Amino acid sequence: KSIMYLISNFVKPKNIYFYLLALILCMATLIGCSNDDVASKNKADFSDRGYKSTEHLVSADWLNEKLDGDKLIIIDVRSEEDYVASHIPGAIHINPKTAFQQEDNRGVAGMLPPKEHVESVLSSIGATADSEIIIYDGIKSLWASRGLWALEVYGHDKTALLDGAWTSWENKGFPTSKEIPTVVGTDYKFKGDPNTNLIAGYEEVLASIEDTEKIVCDTRSPEEYAGRDVRAERGGHIEGSKNVNWVSNANADGEFLSYAELDKIYSDAGFKRDQTIFTLCQTAVRATHTWFVLSELLGYENVKVYDGSWIEWGNRSDLPIQN
């Protein structure tokens with residue numbers, strides 16, 4: 001109303017300066033409202049699920065509204081074959097198994113690469129410190145969660161998963177593309193020191209066996225946990241650990257379950273909010289999915305990913321197991 005009052009009462013036909021002022025004010029108001037609407041829309045999309053935080057989770061509807069954002073980078077971590085067949089417009093493909101996993105100097109496969117390696121990946125896709133990075137896959141955000149965790153460790157906070165992943169985008173009929181975007185590389189550098197509070201080594205996990213204030217969340221299948229499906233030299237699980245299969249976190253369409261549903265799953269399994277929780281699987285991919293659910297959606301304060309996971313624990317004869 002104030003803008004219309006300005007135009008009707010003060011702008012004269014020959015006064016171009018007032019016309020320009022009114023136009024600028026109108027555009028600023030519209031842009032501000034648009035940005036606020038898009039930001040609040042994502043929060044509203046998850047309001048019925050009751051999550052503690054959605055800072056690192058976006059809906060397909062939200063992403064569709066943001067596709068033309070200047071700072072937006074969409075990462076597709078599905079297979080290259082799936083990406084070439086069809087992807088979200090503007091999405092850039094990377095291989096998560098080489099971008100966010102690497103054999104370390106002890107010969108343990110699947111470990112988090114050094115920050116310089118991840119910096120080179122982000123440089124190759126044109127990322128900057130201001131980039132809003134959205135990661136999606138085709139498997140209930142499984143590999144996408146590994147990427148998000150890696151960027152969280154090294155300090156890129158503007159990162160989110162696409163809820164429902166590719167399935168949600170496709171089911172909603174949003175635009176797709178086969179065009180491979182042109183990328184201008186950057187010299188990306190993380191700021192500050194890595195957040196080591198998100199990572200646990202085997203020594204810390206071993207010490208937790210006798211500590212009731214700490215517990216292991218084994219995110220593998222029940223068969224792996226019981227030692228019937230053996231994927232290392234030894235099968236079984238860590239003494240005192242609780243098994244919650246990572247697939248329990250999402251519905252058939254790949255969307256995360258509500259806060260109430262997730263909270264019941266983990267409380268019924270014996271996890272308490274005042275405990276330090278170590279998540280593990282075979283190579284700490286499923287483990288990062290559960291880390292995201294516990295720390296982001298449920299608001300658990302002390303959750304760490306045991307990056308060595310069973311590929312390390314099960315291949316070491318000096319570490320105790322149960323089956």
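We use all heavy atoms of the structure for the numbers below, so side chains are in, but hydrogens, waters and symmetry mates are not. These figures come from a predicted structure and were not determined experimentally.
- Here Y306 pairs with E312 under the side chain to side chain donor-acceptor pair (under 3.5 Å) rule; sequence neighbours left out.
- Applying the ring-ring contact (aromatic ring centres under 6.0 Å, His included) rule to Y154 yields the partners F190; only residues at least two apart in sequence or on another chain are considered.
- In terms of the side chain to side chain donor-acceptor pair (under 3.5 Å) criterion, residue partners of K172 (sequence neighbours excluded) are, by chain and number, D61.
- Side chain of E239 to main chain of P320: no donor-acceptor pair is present (N/O by atom type, distance under 3.5 Å, no hydrogens or angles).
- Hydrophobic clustering, defined by side-chain heavy atoms of Ile, Leu, Val, Met, Phe, Trp and Tyr closer than 4.5 Å, groups Y83 together with V84, I180.
- Atom CD of E80 has 12 or fewer heavy atoms from other residues, nucleotides or ligands within 6.0 Å.
- Among residue pairs with one or both ends in residues 260-271, those qualifying as salt bridge (charged side-chain N to carboxylate O under 4.0 Å, His left out) are D263-R273, K264-D268; sequence neighbours excluded.
- Here the side chain of H87 pairs a donor or acceptor atom with the backbone of E179 at under 3.5 angstrom.
- Members clustered with Y225: none, using a 4.5 Å side-chain heavy-atom cutoff among hydrophobic residues.
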List the atom pairs, with distances to 0.1 Å, where a side-chain N or O of residues 130-149 and a protein N or O form a donor-acceptor pair under 3.5 Å, not counting sequence neighbours.
unit_1	atom_1	unit_2	atom_2	d
S131	OG	T128	N	2.9
S131	OG	T128	O	3.3
S131	OG	T128	OG1	3.3
E132	OE2	K66	NZ	3.2
Y136	OH	D76	OD2	2.5
Y136	OH	I88	N	3.2
D137	OD1	I139	N	3.0
D137	OD1	S141	N	2.9
D137	OD2	L142	N	2.9
D137	OD2	W143	N	2.8
D137	OD2	A144	N	2.9
S141	OG	L162	O	3.4
S145	OG	S141	O	3.4
S145	OG	L142	O	2.6
S145	OG	T288	OG1	3.0
S145	OG	H289	N	3.3
R146	NE	F100	O	3.1
R146	NH1	A284	O	2.7
R146	NH1	D307	OD1	2.9
R146	NH2	F100	O	3.1
R146	NH2	G110	O	3.3
R146	NH2	D307	OD1	3.2
W149	NE1	L198	O	3.3

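- Applying the ring-ring contact (aromatic ring centres under 6.0 Å, His included) criterion to H56, with sequence neighbours excluded, gives no partner residue.
- Hydrophobic cluster membership for M111: V108, I311 (Ile, Leu, Val, Met, Phe, Trp, Tyr linked by side-chain heavy atoms under 4.5 Å, directly or transitively).
- Sorted by first and then second residue, the side-chain hydrogen bond (donor to acceptor under 3.5 Å, both in side chains) pairs with a member in residues 183-193 read H156-Y188; sequence neighbours excluded.
- With sequence neighbours excluded, the residues satisfying ring-ring contact (aromatic ring centres under 6.0 Å, His included) with F292 are F256.
- Scanning for side chain to side chain donor-acceptor pair (under 3.5 Å) contacts around S53 gives E296, with sequence neighbours left out.
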